[in-house]
Amino acid sequence: MAVQFYNTLSQQAEEFSPARDNTVRMYTCGPTVYDFAHIGNFRTFTFVDLLRKWLRASGFHLDHVMNITDVDDKIIRNAAAHRKTLEEYTAIYTRAFLEDCDKLRLERPEHLVPATSHINDMVEAIERLGAADHTYKSDGSVYFRISSFAGYGKLSHNDFSGNIAGARVDVDSYDKADARDFALWKAPKEGERFWDTPIGPGRPGWHIECSVMAIKYLGETLDIHAGGVDLIFPHHENEIAQSESLTGKPFARFWLHAEFLLVEGQKMSKSLGNYFTLRDVLDRGYKPETVRYLLASVPYRKSLNFTFDGLKSAETAIERLRNFKLRLESDRFPEGATEAVTRRTAQACRAFTDGMNADLNTAEALGAIFEYIRDANSAMDSGGFGAGDVPGALELLALFDRVFAVIEPTAATGQVSDEEVEARIAERTAAKKARDFARADDVRKQLLDQGIILEDTKAGVRWKRK
RNA sequence: GGCGCGGUAGCCAAGUGGUAAGGCCAAGGUCUGCAAAACCUUUAUUCGUCGGUUCGAUUCCGACCCGCGCCUCCA
């Protein structure tokens with residue numbers, strides 16, 4: 001089975017392959033850098049990362065663009081409030097965003113592009129739209145005329161045919177011909193940062209940056225365009241209107257949208273006190289990979305209820321994965337491989353792949369892995385798991401972790417060295433041999449206080465970091 | 001009101017026209033100097049409600065109830 005994605009445009013699952021050669025050209029909406037990103041943002045960015053990783057695991061190459069929105073109303077307002085220039089202000093939050101991404105093991109897109117580096121491209125596009133009569137000017141701003149684009153509404157499945165241009169809806173502060181028309185270019189208000197351009201002084205509207213940068217780096221038709229569901233309307237609808245008016249070609253073949261994240265069953269909001277940035281969560285002592293696991297474990301098209309119980313559950317689940325890997329690496333197994341295990345490993349690999357191929361059904365994929373782990377552990381306990389079965393099992397875990405990326409622990413700072421741990425273990429083993437269990441337990445307790453867990457097995461002592 | 005997503009065990013969650021994956025939690029057991037890890041057993045006669053289609057529906061259809069999102073730049 002090939003990989004399938006649910007396409008918002010067609011409202012059904014479709015088999016995916018890139019239009020040209022073996023490279024997936026995709027564009028995903030990035031952050032607006034006016035503050036630290038919150039875990040809801042990272043739900044979407046984690047989805048995008050899973051998408052990247054699974055596409056690559058499926059044998060495709062990637063050419064992926066993500067924008068950094070570094071000019072908008074909130075940025076201008078916040079920068080002014082902090083008495084910083086736009087550039088100073090956005091640099092802080094861009095850096096913070098990238099640090100957070102690194103912690104969550106989110107890969108960098110091939111192109112990470114700030115809007116303000118593409119002002120000329122945007123102005124040029126707006127001029128071309130104007131030449132094709134898709135725009136009009138009003139009070140120094142340039143608007144896109146929605147009535148000039150026949151397909152408006154096809155992504156959000158809204159029917160705008162009843163909206164007659166010029167019908168007066170509440171448009172008080174804007175002088176627009178139609179309430180749905182949107183700004184391509186905004187005239188500067190008093191004291192605002194602006195660019196002097198052939199279409200007048202001002203700054204770009206939000207939607208135009210995505211169209212322009214996507215087309216510039218990836219061509220006129222993208223294979224995939226992705227983002228959060230809240231962007232379907234109006235953002236992505238507007239992108240389609242602009243892009244297709246410019247090129248006359250479909251803007252994107254597949255539109256993928258990640259559902260919302262709730263916190264403790266409620267919408268995240270500052271007033272409810274359930275608003276968390278990634279930093280807030282990590283400050284409570286959770287590991288980044290735990291957050292990643294939780295965000296990845298619920299399929300992206302289902303809303304995700306983020307809870308601290310859920311984080312604890314994720315922590316334990318990761319432990320189980322790590323323990324299994326440790327056992328594969330440290331136990332002694334009988335010579336050779338067994339046919340039953342070989343078959344079981346191949347089956348698990350297929351089940352995992354089928355799950356991911358089914359529109360990134362991570363819950364199903366995880367189920368396949370955990371079922372396998374139980375069966376493999378069981379086989380080990382009964383001596384039915386051979387040394388020759390180890391590589392296949394490790395490969396399966398590697399496949400899993402190429403996508404989920406949660407098994408390797410985040411290194412803690414100032415931890416005890418491996419050598420020191422080994423020395424203490426030797427000390428304890430000697431004490432055990434002398435049946436001085438009090439002394440042996442003492443060593444184990446001391447190591448535990450330093451974050452080292454010892455486990456006695458038939459093959460000897462094995463240890464891991466907490 | 002329009003458009004969209006969802007309601008499955010204590011929590012998270014997969015899934016199919018034929019009788020409910022997986023993870024966490026809980027209880028009991030096996031193993032163990034102890035501990036840990038691991039395994040085994042138990043935990044939804046039931047899948048929001050009410051109708052309909054069917055030999056049979058959680059899965060299809062209809063109505064309704066509830067939650068969430070978008071509908072003037074929020075992932």
Side-chain angles (χ1 to χ4, degrees), chain A residues 8 11 28-32 37-48 69 72-74 153 156-160 162 169-174 176 179-183 186 205-207 226-235 237-238 257-262 265-268 293-294 297-299 301-307 309-310 312-321 323-324 326-327 331 351 355 358 361-382 432 435 437-438 440-441 444-445 448 453-458 462-464:
Chain A
T8 305
Q11 297 183 291
T28 60
C29 290
T32 299
H38 58 67
I39 51 175
N41 297 314
F42 283 114
R43 198 272 164 106
T44 299
F45 296 132
T46 301
F47 147 64
V48 168
T69 300
D72 92 322
D73 292 338
K74 274 182 294 224
S156 56
H157 305 285
N158 281 311
D159 180 9
F160 293 109
V169 193
D170 178 27
V171 289
D172 51 343
S173 62
Y174 299 95
K176 298 190 285 187
R180 308 269 175 195
D181 289 348
F182 57 90
K186 294 178 155 185
W206 177 36
H207 314 294
V229 278
D230 54 325
L231 297 184
I232 294 172
F233 191 88
H235 184 52
E237 200 73 76
N238 291 352
H257 292 99
E259 257 298 338
F260 241 68
L261 174 142
L262 303 174
Q266 289 187 293
K267 184 177 176 175
M268 184 161 58
Y293 183 98
L294 180 58
S297 63
V298 178
R301 290 207 303 123
K302 183 158 176 157
S303 62
L304 188 158
N305 188 12
F306 185 95
T307 66
D309 271 359
K312 289 195 188 75
S313 167
E315 222 163 42
T316 315
I318 293 174
E319 269 310 296
R320 185 160 165 79
L321 292 160
N323 286 334
F324 179 63
L326 188 63
R327 189 173 187 189
D331 265 21
N361 189 336
T362 49
E364 189 184 328
L366 278 169
I369 292 297
F370 282 110
E371 275 184 88
Y372 175 78
I373 289 178
R374 185 198 57 217
D375 288 350
N377 271 321
S378 188
M380 288 175 188
D381 289 352
S382 64
K432 269 178 68 179
R435 304 200 63 77
F437 293 119
D441 289 349
R444 187 168 63 194
K445 176 71 171 56
L448 183 63
I453 295 165
L454 299 192
E455 293 173 2
D456 293 329
T457 74
K458 290 193 182 76
R462 74 175 170 220
W463 64 276
K464 62 188 177 189

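Chain letters run A, B, ... following the sequence lines, proteins first, then strands; residues in each count from 1.
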Would you please name every residue forming a side chain to side chain contact (heavy atoms under 4.5 Å, CB included) with [X], sequence neighbours left out?
| X | value |
| --- | --- |
| A/His235 | A/Cys29, A/Trp206, A/His207, A/Cys210, A/Leu231, A/Glu239 |
| A/Ser303 | A/Glu259 |
| A/Asp331 | A/Arg327, A/Phe333, A/Thr457, A/Arg462 |
| A/Leu262 | A/Asn305 |

For nucleotides 31-35 of chain B, tabulate all protein N/O to nucleotide N/O atom pairs closer than 3.5 Å, reporting atom names and distance.
residue	atom	partner	partner atom	Å
B/G33	O6	A/Arg428	NH2	3.4
B/G33	N1	A/Asp441	OD1	3.1
B/G33	N2	A/Asp441	OD2	2.7
B/C34	O2	A/Arg444	NH2	2.5
B/C34	N3	A/Arg444	NH1	3.1
B/C34	N3	A/Arg444	NH2	3.4
B/C34	N4	A/Asp456	OD2	2.8
B/A35	N6	A/Asp456	O	3.2
B/A35	N1	A/Asp456	N	3.0
B/A35	N3	A/Arg444	NH1	3.1

Just name whichever nucleotide pairs with [N], Watson-Crick or G-U, keeping both distances under 3.5 Å, else none.
| N | value |
| --- | --- |
| B/A38 | B/U30 |
| B/G1 | B/C71 |
| B/C64 | B/G48 |

Which one, [options], comes nearest to the side chain of [X]?
| X | options | value |
| --- | --- | --- |
| A/Ala317 | B/A36, B/A13, B/G23 | B/G23 |
| A/Trp206 | B/A75, B/C73, B/A38 | B/C73 |
| A/Arg374 | B/A38, B/A75, B/G22 | B/G22 |

Span that lies between the [atom1] atom of [M] and that of [N], in whole angstrom:
| N | M | atom1 | result |
| --- | --- | --- | --- |
| B/U59 | B/G22 | P | 22 Å |
| B/G67 | B/C25 | P | 32 Å |
| B/A21 | B/A9 | P | 14 Å |

Taking only residues two or more places apart in sequence or in another chain, which ones pass side-chain hydrogen bond (donor to acceptor under 3.5 Å, both in side chains) with [X]?
| X | value |
| --- | --- |
| A/Asp456 | A/Arg428, A/Lys432 |
| A/Thr28 | A/His64 |
| A/Ser313 | none |
| A/Lys458 | none |

Using a heavy-atom cut-off of 4.0 Å across all strands, would you classify [X] as base, sugar-phosphate, or nothing?
| X | result |
| --- | --- |
| A/Gln266 | nothing |
| A/His38 | base |
| A/Pro299 | sugar-phosphate |
| A/Gly227 | sugar-phosphate |
| A/Asn377 | sugar-phosphate |
| A/His235 | nothing |
| A/Ala258 | nothing |

Contacts satisfying salt bridge (Lys or Arg N to Asp or Glu O under 4.0 Å) that involve residues 364-376 of chain A (not counting sequence neighbours) are A/Arg344-A/Asp375

| said: Without decimals, in angstroms, what is the distance between A/Leu304 CG and B/G6 P? | reply: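 After rounding, the reported distance stands at 15 Å.
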
Taken to the nearest whole Å, CG/A/Asn323 to P/B/A36 is 12 Å

Between protein and nucleic acid, restricted to nucleotides 26-29 of chain B and to nitrogen or oxygen atoms under 3.5 Å apart, what atom pairs and distances do you find?
none

What are the atom names and distances for every N/O pair under 3.5 Å that joins the protein to nucleotides 69-71 of chain B?
residue	atom	partner	partner atom	Å
B/C70	O2'	A/Phe233	O	3.0
B/C71	O2'	A/Arg180	NH1	2.8

query: Per the atom types in the model, does the base of B/C12 pair as donor or acceptor with the side chain of A/Lys312 at under 3.5 Å?
result: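 Absent.
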
